[in-house]
Asks: 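Would you mind keeping the following structure in view while I ask a few things?
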Amino acid sequence: DTGVSQDPRHKITKRGQNVTFRCDPISEHNRLYWYRQTLGQGPEFLTYFQNEAQLEKSRLLSDRFSAERPKGSFSTLEIQRTEQGDSAMYLCASRKGGAGFTEAFFGQGTRLTVV
Amino acid sequence: GESVGLHLPTLSVQEGDNSIINCAYSNSASDYFIWYKQESGKGPQFIIDIRSNMDKRQGQRVTVLLNKTVKHLSLQIAATQPGDSAVYFCAENPLRQGAQKLVFGQGTRLTINP
């Protein structure tokens, strides 16, 4: 257990429905990341928060995707009008801030299946 | 552009042997690299990291080698055990470009044969 919690672990939804995932990072970590991972591929960066500010978004993050981190602690990732292509593992990671890059800890992920 | 790739998608070794997993990266601005291990159904687990001002770093049974001249990274696992079976990813952070994200490669599946 890395200390990063994600909920739910699995989600099956019908195409067109909205889904929301939650990530609770390690408490002293002010940097939070969302990644998406499809079968046989490495994780792909979606978005990044420093405290409550969303500082970077990937082009992968279409307008159907929105992420928030309202109090600089937990974060949510919402997908609206889900499509079958959204089926993937959604991973959250967190790390401490400061100069240079430091080890990022990943949660267990939320596996989304759109049927 | 950014890309991190691997030479081999699969690797099988005998239990007790040493294994070497290779990774090529293309962004010369990357100055921080991490190896992650991912078991089925789980998130990536940190193994070892290395900064660009180093060419070797050792951990418990693992060693990472960085060759900046040819943009190559390798992970050596000594005396492999069944629990080492997993997919291994290298990832880079081009911090000098101000990036705050990790860029992952495709991964290598390591299988340990008894």
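Residue numbers start from 1 in every chain, and the chains themselves are labelled A, B, ... in the order their sequence lines are given, proteins ahead of strands.
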Asks: Say you draw a straight line from CD of Gln45(B) to CZ of Phe106(A); how long is it, rounded to the nearest 0.5 Å?
Replies: 12.0 Å
Asks: Drop me the distance from Lys101(B)'s NZ to Leu55(A)'s CG, to the nearest 0.5 angstrom.
Replies: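 Reported to 0.5 Å precision, the distance equals 13.0 Å.
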Asks: Quick check: does any side chain N or O of Gln108(A) sit under 3.5 Å from a backbone N or O of Gly43(B), one acting as donor and the other as acceptor?
Replies: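 Yes; at least one donor-acceptor contact below 3.5 Å.
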Asks: Hydrophobic clustering (ILVMFWY, side-chain heavy atoms < 4.5 Å, transitive) - are Ile50(B) and Tyr88(B) grouped together?
Replies: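 Yes, same cluster.
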Asks: Does any non-hydrogen side-chain atom of Glu103(A) lie less than 4.5 Å from one of Phe46(B)?
Replies: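 Yes. Closest side-chain heavy atoms under 4.5 Å.
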Asks: Consider only side-chain heavy atoms of I, L, V, M, F, W and Y, link residues closer than 4.5 Å, and tell whether Val19(A) and Leu61(A) are in one cluster.
Replies: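 Shared cluster, yes.
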Asks: Less than 4.5 Å to any heavy atom of chain B: does that hold for the side chain of Arg111(A), its backbone, both, or neither?
Replies: neither
Asks: Below 4.5 Å from any heavy atom of chain A, which atoms of Gln38(B) appear? Answer side chain, backbone, both or neither.
Replies: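 Looking at Gln38(B), just its side chain touches chain A.
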Asks: Report, as yes or no, whether the 6.0 Å neighbourhood of atom CZ on Arg15(A) holds more than 12 heavy atoms from other residues, nucleotides or ligands.
Replies: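 No.
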Asks: Quick check on Lys68(B): does its NZ atom have over 12 non-hydrogen neighbours (other residues, nucleotides or ligands) under 6.0 Å away?
Replies: yes
Asks: Is the number of heavy atoms from other residues, nucleotides or ligands within 6.0 Å of CD (Gln60(B)) greater than 12?
Replies: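 Check fails, neighbour count at 12 or below.
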Asks: If you measure from NZ on Lys42(B) to CZ on Arg9(A), what distance do you get to the nearest 0.5 Å?
Replies: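 Between Lys42(B) NZ and Arg9(A) CZ, I get 9.0 Å after rounding to 0.5 Å.
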Asks: Against chain B, work out which of Gln6(A), Gln50(A), Gln41(A) has the most heavy-atom pairs shorter than 4.5 Å and name it.
Replies: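 With the most close heavy-atom pairs to chain B, the winner is Gln41(A).
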Asks: Under a 4.5 Å side-chain heavy-atom rule over Ile, Leu, Val, Met, Phe, Trp and Tyr, are Ile12(A) and Met89(A) clustered together?
Replies: no
Asks: Are the aromatic ring centres of Phe104(B) and Tyr35(A) under 6.0 angstrom apart?
Replies: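 Judged by ring-centre distance (under 6.0 Å), Phe104(B) and Tyr35(A) do meet the cut-off.
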Asks: Looking at every non-hydrogen atom in both residues, tell me the closest pair between Gln37(A) and Phe89(B) and how far apart they are.
Replies: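 Answer, listing the atom of Gln37(A) first, then Phe89(B): NE2-CZ, 3.4 Å.
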Asks: Test of understanding: clusters of I, L, V, M, F, W, Y form through side-chain heavy atoms closer than 4.5 Å, transitively. Do Tyr33(A) and Phe21(A) belong to the same one?
Replies: no
